[in-house]
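Residue numbers start at 1 and run along the sequence shown.
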Amino acid sequence: EGETPVEPVTSVVISWGEMNFTYTDGTWNPTVHQYEGAGWTDNGSGYVTVRNNGEKDVETSFAYASERSDISGGFTDGTNPVTAPVSLGAGKEQTVYLVLSGKPEGYLGENAVIGTVNIILGGE
């Protein structure tokens with residue numbers, strides 16, 4: 001008789017870097033009397049990769065929620081900002097990198113939580 005239609009499989013794998021960020025004031029340059037090279041570094045740990053292992057397209061959004069008013073963040077694809085949802089076809093993946101800005105007001109402490117990264121998945 002009638003066969004039940006098979007729904008396409010949705011399967012997404014999310015891989016995270018360790019998200020270890022360090023802020024440095026930079027190095028004092030006595031010639032120009034100011035610090036140089038100040039800012040955030042992550043030693044390659046500040047990334048998220050979303051891979052669509054399913055059979056249909058998946059829409060992925062990336063959001064950063066700061067827990068501090070002195071620090072903000074956003075995402076890049078390594079070159080350009082990623083601000084809109086990304087459509088991932090079957091077998092495709094997207095890696096985004098968290099970029100922090102702002103100088104901490106005071107000492108943060110070891111392993112201080114400064115914000116949350118959220119991955120929002122959607123589709124049909």
Side-chain angles (χ1 to χ4, degrees):
E1 302 275 317
E3 290 188 26
T4 305
V6 177
E7 288 291 318
V9 174
T10 300
S11 175
V12 176
V13 175
I14 301 173
S15 306
W16 297 84
E18 292 182 9
M19 296 286 175
N20 289 328
F21 287 82
T22 302
Y23 183 86
T24 180
D25 284 325
T27 306
W28 180 253
N29 182 331
T31 305
V32 295
H33 300 284
Q34 64 186 20
Y35 285 97
E36 295 176 340
W40 292 94
T41 57
D42 66 0
N43 292 318
S45 73
Y47 68 89
V48 179
T49 300
V50 177
R51 178 167 178 77
N52 182 358
N53 286 339
E55 299 170 336
K56 61 182 180 178
D57 290 358
V58 173
E59 191 172 89
T60 306
S61 297
F62 304 91
Y64 176 75
S66 183
E67 294 191 13
R68 301 175 55 98
S69 61
D70 53 350
I71 301 170
S72 58
F75 297 92
T76 73
D77 62 9
T79 305
N80 300 306
V82 176
T83 56
V86 175
S87 181
L88 295 175
K92 302 293 183 189
E93 70 179 27
Q94 176 70 54
T95 299
V96 296
Y97 304 90
L98 177 60
V99 178
L100 296 178
S101 59
K103 180 178 179 175
E105 296 172 358
Y107 180 68
L108 286 175
E110 192 75 21
N111 296 321
V113 176
I114 57 173
T116 305
V117 172
N118 294 298
I119 310 302
I120 301 99
L121 301 174
E124 297 176 12

Handout entry: Within-4.5 Å side-chain heavy-atom neighbours: Leu100 and Tyr64
Key = yes
Practice task
Hey, can you tell me if Tyr23 and Trp40 have their rings parallel, tilted or perpendicular (30° and 60° cut-offs)?
Solution key: perpendicular
Exercise for the section: Could you check if a side-chain atom of Leu98 sits within less than 4.5 angstrom of a side-chain atom of Val96, using non-hydrogen atoms only? Expected result: no
Exercise for the section: Just jot down the side-chain hydrogen bond (donor to acceptor under 3.5 Å, both in side chains) partners of Thr116, sequence neighbours excluded, or say none. Expected result: none
Problem - Flag side-chain contact, heavy atom, 4.5 Å: Leu88 against Val12 - result: no
Practice task
May I ask you to decide if Arg68's main-chain N or O and Ser66's side chain share a donor-acceptor pair within less than 3.5 Å?
Solution key: yes
Exercise for the section: Calculate, to the nearest 0.5 Å, the distance between atoms OH and OG1 belonging to Tyr35 and Thr27 respectively. Expected result: 9.0 Å
Problem - Pairs satisfying side chain to side chain donor-acceptor pair (under 3.5 Å), at least one member in residues 84-102, at least two apart - result: Thr49-Thr95, Ser72-Ser101
Handout entry: Linked, directly or transitively: Ile114 and Val99 (ILVMFWY side chains, under 4.5 Å)
Key = no
Practice task
Over all heavy atoms of both residues, which pair between Ser45 and Asn20 is shortest? Give the atoms and the distance, please.
Solution key: OG-N, 2.9 Å
Exercise for the section: Any chance you could lay out the side-chain contact (heavy atoms from CB on, under 4.5 Å) test for Val50 and Val58, step after step, and finish with the verdict? Expected result: CA-CA 10 Å; Val50 177; Val58 173; 5.9 Å; no
Practice task
Could you tell me which non-hydrogen atom of Glu36 sits nearest to which non-hydrogen atom of Val32, and how far apart they are?
Solution key: OE2-CG2, 3.7 Å
Exercise for the section: Applying side-chain hydrogen bond (donor to acceptor under 3.5 Å, both in side chains), name anything that partners Lys103, two or more places apart in sequence or on another chain. Expected result: Asp25
Completion exercise
side-chain hydrogen bond (donor to acceptor under 3.5 Å, both in side chains) filter on Glu7, not counting sequence neighbours, yields none
Handout entry: Side-chain touch Tyr47/Met19, heavy atoms, less than 4.5 angstrom
Key = no
Handout entry: Common cluster, Trp16/Val86, ILVMFWY with side-chain heavy-atom separation under 4.5 Å
Key = yes
Practice task
Quick one: pull up CG in Leu108 and CD in Glu110 and give me the separation to the nearest 0.5 Å.
Solution key: 10.5 Å
Problem - Sidechain-backbone polar pair: Ser11 side chain, Asn53 backbone, donor-acceptor under 3.5 Å - result: no
Practice task
Can you sort out the partners of Glu18 under salt bridge (Lys or Arg N to Asp or Glu O under 4.0 Å), two or more places apart, ordered by chain and number?
Solution key: none
Handout entry: Close side-chain approach of Ile71 and Phe21, heavy atoms under 4.5 Å
Key = no
Problem - Sidechain-backbone polar pair: Arg51 side chain, Ile14 backbone, donor-acceptor under 3.5 Å - result: no
Practice task
Examine distances only and state if a side-chain atom of Glu55 and a backbone atom of Val9 form a donor-acceptor pair shorter than 3.5 Å.
Solution key: yes
Problem - Any residue meeting side-chain hydrogen bond (donor to acceptor under 3.5 Å, both in side chains) with Asp77, in chain and number order, not counting sequence neighbours - result: none
